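Since we're looking at a predicted model, the values are computed, not measured.
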Protein chains: 4
Amino acid sequence: MPKVGMEPVRRQQLIDATIESVAEFGLQATTINSISKKAGLSSGIISHYFAGKQGLIEATVRYLLTSLKRALIERVTTTTTPQQRLMYIVEANFARLQQQSDTTKTWLSFWAQSMHDVQLHRLQNVNSRRLYSNLACSFRSLMNASDAKLAAELCAAMIDGLWLRAVLSKSDQDQFEHCEQLAKGYVNSLIKQYGA
Amino acid sequence: MPKVGMEPVRRQQLIDATIESVAEFGLQATTINSISKKAGLSSGIISHYFAGKQGLIEATVRYLLTSLKRALIERVTTTTTPQQRLMYIVEANFARLQQQSDTTKTWLSFWAQSMHDVQLHRLQNVNSRRLYSNLACSFRSLMNASDAKLAAELCAAMIDGLWLRAVLSKSDQDQFEHCEQLAKGYVNSLIKQYGA
Amino acid sequence: MPKVGMEPVRRQQLIDATIESVAEFGLQATTINSISKKAGLSSGIISHYFAGKQGLIEATVRYLLTSLKRALIERVTTTTTPQQRLMYIVEANFARLQQQSDTTKTWLSFWAQSMHDVQLHRLQNVNSRRLYSNLACSFRSLMNASDAKLAAELCAAMIDGLWLRAVLSKSDQDQFEHCEQLAKGYVNSLIKQYGA
Amino acid sequence: MPKVGMEPVRRQQLIDATIESVAEFGLQATTINSISKKAGLSSGIISHYFAGKQGLIEATVRYLLTSLKRALIERVTTTTTPQQRLMYIVEANFARLQQQSDTTKTWLSFWAQSMHDVQLHRLQNVNSRRLYSNLACSFRSLMNASDAKLAAELCAAMIDGLWLRAVLSKSDQDQFEHCEQLAKGYVNSLIKQYGA
DNA sequence: GATGAATGAGTCTTCATTCAT
DNA sequence: AATGAATGAAGACTCATTCAT
């Protein structure tokens with residue numbers, strides 16, 4: 001079955017399979033076999049394309065981060081107001097929950113593992129800071145610099161906290177949307193509180 | 001070496017060693033050997049007292065939950081005002097970070113694992129609901145029922161979110177205290193916003 | 001609880017517990033703990049009285065052999081005819097099955113193990129030869145020497161074969177008695193065939 | 001080392017190694033390592049082909065049963081007389097002893113274990129019943145139904161008994177042949193006794 | 001005389017990696 | 001390009017033995 005140009009296809013197949021496996025079994029119980037089986041490929045292919053399990057794990061995290069970033073960029077245009085932009089940030093973050101339930105569990109597994117894996121921790125930090133800076137940037141248009149920083153910090157924590165509790169309690173779709181509404185309401189209250 | 005009355009001592013030794021090991025290596029890399037080595041005991045003793053690794057893991061989670069609960073109870077007296085009680089709840093939750101840095105990382109590992117372990121998930125839910133009901137109960141003295149529920153939900157998320165971000169960014173002591181202040185400030189703003 | 005003169009009591013307790021454990025779990029799954037638990041004693045006592053598990057196993061086999069021997073001696077008197085004596089030999093061997101069902105399974109386990117344990121093999125051979133010589137001695141009164149030897153050999157095999165098939169098929173009491181009758185009938189047919 | 005079509009080869013290698021190991025060390029002392037070492041393969045391969053030690057044990061028993069069955073079928077043709085057929089049954093059963101001394105000890109170990117292992121017991125019963133029905137079928141051509149049943153039962157016991165005593169006494173080749181002759185003589189005496 | 005806490009070697013099993021095809 | 005057979009280190013668990021009490 002030697003075909004040319006299969007690389008991007010195979011890589012994505014394996015990343016998708018990794019997300020599914022981590023979601024279903026957890027990071028601990030995810031093996032090279034559980035992944036390759038879900039992908040419908042052989043186990044050897046993982047080392048071929050990702051130089052081992054660890055490489056695939058990292059590539060998967062990078063893919064998730066990129067997806068989140070893209071989810072925001074797609075929403076924002078040049079005519080977007082700061083308030084709208086903030087709402088989009090919230091939406092993009094909760095979209096992790098809605099679009100694909102798998103992604104959610106996977107994300108949390110990677111977070112925990114990042115405590116003990118420098119490579120994952122670096123990636124995790126990029127994501128965390130991006131959320132903060134996106135928020136800070138938007139708030140800055142609506143309030144002074146120090147208030148914007150404070151609002152961004154609080155808002156980032158609120159988003160992560162609502163999201164975390166929703167995931168851990170294995171909430172259903174309605175509860176996810178409820179959390180999203182709470183987050184948006186909180187953004188508005190911050191604007192009202194600190195906004196000029 | 002056989003002594004009588006060693007059971008409670010050994011059990012606590014092993015639980016402490018488990019917290020240390022999970023903090024240092026992560027739940028995934030924590031083995032029966034890494035634990036027994038830290039405890040200065042043999043590996044066989046774990047099966048003897050906890051009927052296997054899983055039993056020790058669960059006992060450790062139960063211990064952490066009990067500690068958190070006790071941390072709150074110790075602070076609260078009959079003369080505590082609702083506002084003070086809310087502050088104590090915040091403090092008790094952030095004390096996880098201050099008192100023992102190990103506990104923090106351990107906690108997160110268990111959270112992630114609880115997605116794939118029914119026993120751990122049950123324990124995790126007990127904790128999550130306890131935070132919510134403690135907050136709701138205190139807010140209820142200061143505002144109407146529906147506002148109190150909303151405030152408790154938001155506040156629980158804020159505490160978890162701030163705590164999570166502090167842990168994941170491997171913050172130092174000063175940042176932990178900064179987060180605690182943010183949480184307390186948020187409690188006060190909720191009281192001001194919804195309070196009668 | 002230090003008492004004097006407990007040795008014979010404890011030894012028998014442990015031997016009985018060993019028979020029970022081997023019958024219930026098999027020789028492979030019989031541990032120092034399964035035995036001591038059945039005996040209602042501590043595990044350490046085994047090393048104390050039998051210098052380890054192996055010593056207890058051998059003592060148990062020796063006890064079973066002695067029991068079998070005694071079962072025959074009790075039946076035989078000076079006035080017993082050769083024919084009666086042969087019937088008693090059959091009865092004594094099948095009594096292993098009737099008196100105590102446990103003994104049966106235990107016996108087979110020890111036989112198998114005797115293939116790989118010189119000590120057990122020696123004991124097993126004593127038993128095997130005793131059956132043969134008991135039979136040969138009795139047949140000798142009824143026929144010439146070479147026929148008696150042949151009859152003894154065939155009869156010993158028939159007894160063991162019937163007994164083995166009864167045990168392996170997990171037969172009930174009725175089937176055991178049926179086998180005993182077959183064995184006795186075979187003894188009579190041998191006497192008729194070769195007897196003067 | 002990965003080659004295609006190795007599965008049947010590897011499976012047989014491992015089954016042969018299991019027979020050797022059980023013969024040499026006994027079932028109790030046969031480990032995944034003792035087997036894989038004899039096979040000249042790694043220990044992991046056992047789980048790969050047989051999903052664990054237990055699977056290999058069962059496959060080995062099944063192989064032994066099949067071999068015994070085949071040993072009989074090869075001898076019997078359409079022109080075989082009932083008497084000849086009975087002789088072939090005896091021969092096939094004693095061939096276990098002659099062809100491969102290992103098989104013998106292995107067989108006894110499995111018998112003993114079958115008392116405590118439902119899977120093995122089931123297989124053991126298949127074999128036991130097959131011997132009986134083969135004998136009963138052949139005897140039926142030579143005598144009435146009830147006599148044939150009795151003859152088959154006695155004959156099966158005699159074969160197993162002679163075989164067992166030969167194995168347990170660690171007899172040499174000559175003694176094995178002597179036992180086979182005794183068994184054949186017994187068959188003939190049964191035919192003479194009950195035959196029309 | 002008796003206990004059972006503690007040990008640690010040994011067992012089965014899992015699984016990431018390698019590599020011949 | 002892709003497979004999956006094979007490896008072997010590492011994991012959890014078992015259990016006979018030891019020994020302080």
Side-chain angles (χ1 to χ4, degrees), chain A residues 1-7 9-10 29-37 40-56, chain B residues 1-7 9-10 28-36 40-56, chain C residues 1-7 9-10 29-37 41-56, chain D residues 1-7 9-10 28-36 39-56:
Chain A
M1 310 134 186
K3 296 176 186 173
V4 287
M6 291 305 285
E7 180 163 340
V9 176
R10 293 285 179 249
T30 287
T31 68
I32 229 96
N33 275 325
S34 74
I35 295 169
S36 58
K37 197 172 179 182
L41 295 167
S42 73
S43 62
I45 202 77
I46 290 173
S47 288
H48 187 260
Y49 279 123
F50 294 97
K53 185 190 182 185
Q54 186 61 17
L56 175 53
Chain B
M1 309 118 196
K3 297 173 187 173
V4 287
M6 292 305 285
E7 179 162 341
V9 176
R10 294 284 178 250
Q28 186 150 22
T30 286
T31 68
I32 230 101
N33 279 325
S34 74
I35 295 169
S36 57
L41 295 167
S42 73
S43 63
I45 204 72
I46 290 174
S47 286
H48 187 258
Y49 280 122
F50 295 96
K53 185 190 180 186
Q54 186 62 15
L56 176 52
Chain C
M1 310 131 187
K3 295 176 187 174
V4 286
M6 292 305 285
E7 182 162 339
V9 176
R10 294 284 179 249
T30 286
T31 69
I32 227 95
N33 276 324
S34 74
I35 295 169
S36 57
K37 198 172 179 181
L41 295 167
S42 74
S43 62
I45 202 76
I46 289 172
S47 288
H48 187 260
Y49 280 122
F50 296 96
K53 185 189 181 184
Q54 186 62 16
L56 176 53
Chain D
M1 308 116 196
K3 296 173 187 171
V4 287
M6 292 306 284
E7 181 161 340
V9 177
R10 294 284 178 249
Q28 186 149 22
T30 287
T31 69
I32 228 96
N33 279 324
S34 74
I35 295 169
S36 57
L41 295 167
S42 72
S43 63
I45 205 73
I46 290 174
S47 286
H48 187 257
Y49 281 120
F50 295 96
K53 185 190 181 186
Q54 186 62 14
L56 176 52

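We find that CZ of B/F50 is positioned 15 Å from P of F/dA12, with the value rounded to whole Å. Rounded to whole Å, atom C1' of E/dA2 lies 19 Å from atom NZ of C/K37. The distance between atom CD1 of D/I45 and atom C1' of F/dA6, rounded to the nearest whole Å, is 5 Å. Distance CD1 (C/I35) to P (F/dT17): 11 Å, rounded to an integer number of Å. Taking atom CD of D/E7 as the reference point, atom C1' of F/dA6 lies 13 Å away to the nearest angstrom.
Taking 4.0 angstrom as the limit, A/H48 places none of its side-chain polar atoms (N or O) nearer than this to OP1 or OP2 of F/dA2. An OP1 or OP2 oxygen of E/dA5 is reached within less than 4.0 angstrom by no side-chain nitrogen or oxygen of B/R10. At the phosphate of F/dT3, OP1 or OP2 sits under 4.0 Å from a side-chain N or O atom of A/S42.
Residue A/Y49 is in sugar-phosphate contact alone, with no base atom involved, counting any heavy-atom pair closer than 4.0 Å across all strands shown.
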Could you list the protein-to-nucleotides 13-15 of chain F atom pairs, N/O on both sides, closer than 3.5 Å?
| residue | atom | partner | partner atom | Å |
| --- | --- | --- | --- | --- |
| F/dC13 | OP2 | B/K53 | N | 2.8 |

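Legend: residues meeting side chain to side chain donor-acceptor pair (under 3.5 Å) with A/Q54, ordered by chain and number and at least two apart, are A/E58, A/D117. Considering only residues two or more places apart in sequence or on other chains, D/S36 meets the side chain to side chain donor-acceptor pair (under 3.5 Å) condition with none of them.
For the pair A/I32 and A/K53, the tightest heavy-atom approach, listed with the atom from each and the gap, is CD1-CB, 3.4 Å. The shortest non-hydrogen separation linking A/A29 to A/S34 is O-OG, 4.3 Å.
Each end of the helix from E/dA2-F/dT21 to E/dT21-F/dA2 gets its own rotation axis from five pairs of C1' atoms, and the angle between them is 0° to the nearest 10 degrees.
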Identify all side-chain donor-acceptor contacts of residues 41-52 of chain B below 3.5 Å with residues at least two apart in sequence or on another chain.
none

